[in-house]
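Beneath this line is the structure, given in structure tokens, with notes to follow.
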Amino acid sequence: NTVLDDNKVLTLINGDRISMPPQVRLLFEVADLTQASPATVSRAGMVYFDPTDLSWEPAFTSWVEKFVTPESRQADVKALGEKWIPKCLKVRKTCVELAPIVDPNAVQSLCRLYECIAPRVDIESLGEKAGEVLERIFAFCVVWSLGASVTEESRMTFDQVAREIENVFPSSQTVYEYGFNFEKCEFGLWEDRLPNPYKPPEGMPFHRILVPTVDSFRNDFILKCLNGKHFHSLLVGATGTGKTVAVQSAIVGLDEATWTSLTINMSAMTSSGKTQEIIESKIEKRIKNKFGPPGNRRMLTFVDDLNMPRKDQFGSQPPLELLRQWVDYGCWYDRQKQTLRYVLDLHLVCAMGPPGGGRAVISERLQSACNNICFVNPSSSQIKRIFQTLASNKLNDFRMEDIKSLAEPLTMTTIKLYSEIQENFLPTPAKCHYLFNLRDVSKVFQGVYLAQPKLYEEKEQILRLWFHEACRVFMDRLIDVEDRDKFKLTIDNCMDVGLQVRMKEIVGDDPDMVFAGIDL
């Protein structure tokens with residue numbers, strides 16, 4: 001506080017006193033005053049910027065004049081902004097977001113995505129259709145920037161408003177179901193771009209099989225667009241929605257001559273020093289105080305569980321503040337020599353779950369540097385597509401036709417069982433581990449994949465194996481006899497409806513039957 005006094009004297013920990021010259025001024029830029037003492041507040045002049053006064057127009061107008069070419073198109077893009085952005089920002093206030101973003105951040109995300117999409121179409125060569133195609137591109141970018149961060153339920157609300165502004169999307173499904181076709185310059189269903197039917201490569205292990213769905217395809221498309229223009233991205237979604245898989249798919253598709261990658265898995269104990277150490281272990285000195293990935297390549301840095309680091313006493317997360325400093329200034333300090341280190345050619349892709357249960361609300365300053373994409377839970381049709389593909393791929397290896405025909409009923413019964421368990425076995429303080437997601441369904445089929453076709457001649461054997469795997473995945477997590485009896489009743493009802501067979505017909509008088517693979 002003595003620095004803020006009229007005498008401007010800085011007192012160090014060791015007792016040294018440094019007097020600041022008259023031309024030195026301190027400028028603090030903060031979101032709030034939660035960590036400021038009354039003594040500090042009384043010594044500093046306060047200027048409050050009201051977000052409603054600043055608005056989004058100045059930044060958008062500046063971006064249009066800087067990026068949009070030729071100049072004759074700038075008026076068209078500004079007009080599209082005035083037509084689409086205000087109404088979409090207004091409806092966003094009624095939508096639910098897992099990681100809420102402020103309006104200027106949403107508009108910045110729109111500008112970044114437009115920079116990725118627009119150059120892929122030669123607007124000027126389209127003649128009379130140019131204005132119409134330009135609006136389609138702009139509308140697509142609005143949906144996947146202003147509307148990308150909202151949850152699955154809120155997307156229906158956003159869809160209605162987007163259609164009220166201008167009905168540029170086909171009307172059969174929501175605006176999120178349509179991608180932009182760059183060859184025809186019109187919208188087409190994402191579903192039509194998927195391989196149907198999909199067959200996994202021969203001999204691929206179960207844990208590496210990735211069945212393409214509408215969600216995975218469109219998320220992968222948006223992520224690769226942003227990566228191609230070196231824009232940072234933040235993927236937000238519940239456990240099991242495919243965030244890590246999407247990033248791994250993007251990493252696999254990178255050109256190894258110009259890209260390298262690094263994965264950082266954060267936890268509650270992750271420190272800023274450890275984060276800096278991990279990144280610095282993958283970069284090398286280029287010139288003077290500038291560092292970067294080897295071979296003059298760019299490095300895609302995937303930060304998983306971004307919001308897991310524990311907050312310090314001042315409410316900040318040090319590892320995230322380190323990344324935020326690099327995003328803002330392109331540098332951090334050497335911790336031994338206290339000299340600046342500029343880190344070049346780094347690219348961030350972050351993933352995190354919704355805040356709560358040990359996951360914190362992250363700094364808006366870091367969040368504003370990224371395009372926020374919400375990974376929603378897959379629809380029932382998508383879930384069926386995934387697991388029926390997996391079941392068919394395995395059961396088609398068996399000789400008996402009645403075993404091959406089990407793919408669809410087994411899939412539907414497993415999904416039904418999962419839904420029933422989610423509804424009836426809720427977490428409590430004594431049963432806090434009663435948390436189930438789609439990975440549990442996947443584990444059931446992973447167990448079925450262990451079956452060797454030459455050993456199974458009857459349909460009942462496969463059903464017995466499926467029953468065993470369902471018990472190991474779901475029932476073994478239950479902690480008392482009452483819950484286990486309730487589970488057995490649930491699975492018995494699901495088998496009766498989906499497989500037309502009762503539990504007793506499959507396992508006889510021993511419902512605690514256990515399968516084991518014995519390699520003789």
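Bear in mind that the values here come from a model prediction, so they are computed numbers and not experimental data.
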Subject >> Derivation and outcome, side chain to side chain donor-acceptor pair (under 3.5 Å), residues Arg310 and Gln317 >> reply: CA-CA 6 Å; Arg310 186 180 302 158; Gln317 294 168 285; over 6 Å; no

**OP:** Go through the steps to decide whether Asn437 and Tyr418 satisfy the test side chain to side chain donor-acceptor pair (under 3.5 Å), and finish with yes or no.
**Re:** CA-CA 8 Å; Asn437 57 49; Tyr418 164 69; over 6 Å; no

Original post:
Do any N or O atoms from the side chain of Ser149 and from the backbone of Cys374 form a donor-acceptor pair under 3.5 angstrom?
Top reply: no

Original post:
Would a 4.5 Å heavy-atom cut-off, applied to side chains only, mark Leu262 and Leu300 as touching?
Top reply: no

Original post:
Are any non-hydrogen side-chain atoms of Phe291 and Leu344 less than 4.5 angstrom apart?
Top reply: no

**OP:** Tell me, please, whether Phe425 has Lys486 positioned over its six-membered ring: NZ or CZ under 6.0 Å from the ring centre and within 45 degrees of its axis?
**Re:** yes

Original post:
Are Lys290 and Tyr342 in a cation-pi contact, defined as NZ or CZ under 6.0 Å from the six-membered ring centre and within 45° of the axis?
Top reply: yes

**OP:** Please lay out, stage by stage, how Trp326 and His347 fare under the test ring-ring contact (aromatic ring centres under 6.0 Å, His included).
**Re:** CA-CA 11 Å; Trp326 172 80; His347 177 69; 9.0 Å; no

Subject >> Ring centers of Phe387, Phe445 separated by less than 6.0 Å >> reply: yes

Subject >> Side-chain touch Phe487/Cys471, heavy atoms, less than 4.5 angstrom >> reply: yes

Original post:
Does any non-hydrogen side-chain atom of Leu320 lie less than 4.5 Å from one of Leu322?
Top reply: no

Original post:
Is it true that Glu191 and Arg218 have a side-chain N and a carboxylate O under 4.0 angstrom from each other?
Top reply: no

Original post:
Less than 6.0 Å separating the ring centroids of Trp190 and Tyr176?
Top reply: no

Subject >> Check ion pair Asp480-Arg484 (N to O, under 4.0 angstrom) >> reply: no

Original post:
Where does the angle between the aromatic ring planes of Phe60 and Phe138 fall among parallel (under 30°), tilted (30 to 60°) and perpendicular (over 60°)?
Top reply: perpendicular

**OP:** Answer yes or no: is there a side-chain heavy-atom contact under 4.5 Å between Lys274 and Pro318?
**Re:** no

**OP:** Apply salt bridge (charged side-chain N to carboxylate O under 4.0 Å, His left out) to Arg324 and Glu321, showing your working.
**Re:** CA-CA 5 Å; Arg324 194 266 318 151; Glu321 293 305 316; 3.3 Å; yes

**OP:** Could you tell me whether Asp103 and Lys93 have a side-chain N and a carboxylate O separated by less than 4.0 Å?
**Re:** yes

**OP:** Please answer whether the main-chain N or O of Ile383 pairs with a side-chain N or O of Gln388 as donor and acceptor at a distance below 3.5 Å.
**Re:** no

Original post:
Does the side chain of Ile479 come within less than 4.5 Å of Lys431's, by heavy atoms?
Top reply: yes

**OP:** State whether a side-chain donor-acceptor pair under 3.5 Å links Ser272 with Arg335.
**Re:** yes

**OP:** Measure from the side-chain N and O atoms of Asp16 to the backbone N and O of Leu12, and report whether any donor-acceptor pair falls under 3.5 Å.
**Re:** no

Subject >> Between Asn371 and Ser145, a side-chain donor and acceptor under 3.5 Å >> reply: no

**OP:** Answer yes or no: is there a donor N or O on one side and an acceptor on the other, between the side chain of Asn372 and the main chain of Ala99, under 3.5 Å?
**Re:** yes

Original post:
Quick one: do Asp255 and Arg297 make a salt bridge, cutoff under 4.0 Å?
Top reply: no

Original post:
side chain to side chain contact (heavy atoms under 4.5 Å, CB included) between Phe158 and Thr174: does it pass, once the steps are laid out?
Top reply: CA-CA 9 Å; Phe158 195 91; Thr174 70; over 6 Å; no

Original post:
Parallel, tilted or perpendicular for Phe221 and Phe140, by the 30°/60° rule?
Top reply: perpendicular

**OP:** Apply side chain to side chain donor-acceptor pair (under 3.5 Å) to the pair Trp466 and Thr414, showing each step before the final yes or no.
**Re:** CA-CA 9 Å; Trp466 174 86; Thr414 309; 2.9 Å; yes

Subject >> Considering all heavy atoms, the nearest Ser216-Val211 contact >> reply: OG-O, 4.3 Å

Original post:
Is a side-chain N or O of Glu97 found less than 3.5 angstrom from the main chain of Val150, in a donor-acceptor match?
Top reply: no

Original post:
Any luck finding a side-chain donor-acceptor pair between Arg341 and Asn289 under 3.5 Å?
Top reply: no

Subject >> Atom of Arg385, atom of Pro195 and distance for their closest heavy-atom approach >> reply: NH2-O, 3.1 Å

Subject >> Heavy-atom pair of closest approach, residues His232 and Ala369 >> reply: CB-O, 3.7 Å

Original post:
Is Thr61 reaching over with its side chain to a backbone N or O of Glu57, donor-acceptor style, under 3.5 angstrom?
Top reply: yes

Original post:
Can you tell me if Ser368 uses its side chain to pair, donor with acceptor, with the backbone of Arg365 under 3.5 Å?
Top reply: yes

Original post:
Does the ring centre of Trp259 sit less than 6.0 Å away from the ring centre of His230?
Top reply: yes

**OP:** Measure across Pro86 and Gly81 and return the closest heavy-atom pair with its distance rounded to 0.1 Å.
**Re:** CD-O, 3.4 Å

**OP:** Provide the closest heavy-atom pair for Thr213 versus Gln382 in the form atom of the first, atom of the second, distance.
**Re:** CB-OE1, 3.1 Å

**OP:** Indicate yes or no: at least one non-hydrogen side-chain atom of Asn393 is less than 4.5 angstrom from one of Tyr449.
**Re:** yes

**OP:** Apply side chain to side chain contact (heavy atoms under 4.5 Å, CB included) to Ile222 and Leu226, showing your working.
**Re:** CA-CA 6 Å; Ile222 300 296; Leu226 294 169; 4.2 Å; yes

Original post:
Does Asp305 come within less than 4.0 Å of Arg359, counting only side-chain N to carboxylate O?
Top reply: yes

**OP:** Would you confirm whether the ring centroid of Phe182 sits within less than 6.0 angstrom of the ring centroid of Phe180?
**Re:** yes

Original post:
After noting the C-alpha distance and the side-chain angles of Met352 and Met266, does the key distance pass the side chain to side chain contact (heavy atoms under 4.5 Å, CB included) rule?
Top reply: CA-CA 10 Å; Met352 69 181 200; Met266 289 195 169; over 6 Å; no

**OP:** Heavy atoms only: give me the nearest Val444-Glu469 pair and the separation to one decimal.
**Re:** O-CB, 3.8 Å

**OP:** Just say parallel, tilted or perpendicular for the rings of Phe67 and Trp63, cut-offs at 30° and 60°.
**Re:** parallel

**OP:** For Phe302 and Ser261, run side chain to side chain contact (heavy atoms under 4.5 Å, CB included): C-alpha distance rounded to whole Å, both residues' side-chain angles, the deciding distance at 0.1 Å, then the answer.
**Re:** CA-CA 8 Å; Phe302 173 40; Ser261 63; over 6 Å; no

Original post:
Can any side-chain N or O of Lys285 pair as donor or acceptor with the backbone N or O of Lys288 at less than 3.5 Å?
Top reply: yes

Subject >> Validation row: Cys225, Arg120 side chains within 4.5 angstrom (heavy atoms) >> reply: yes

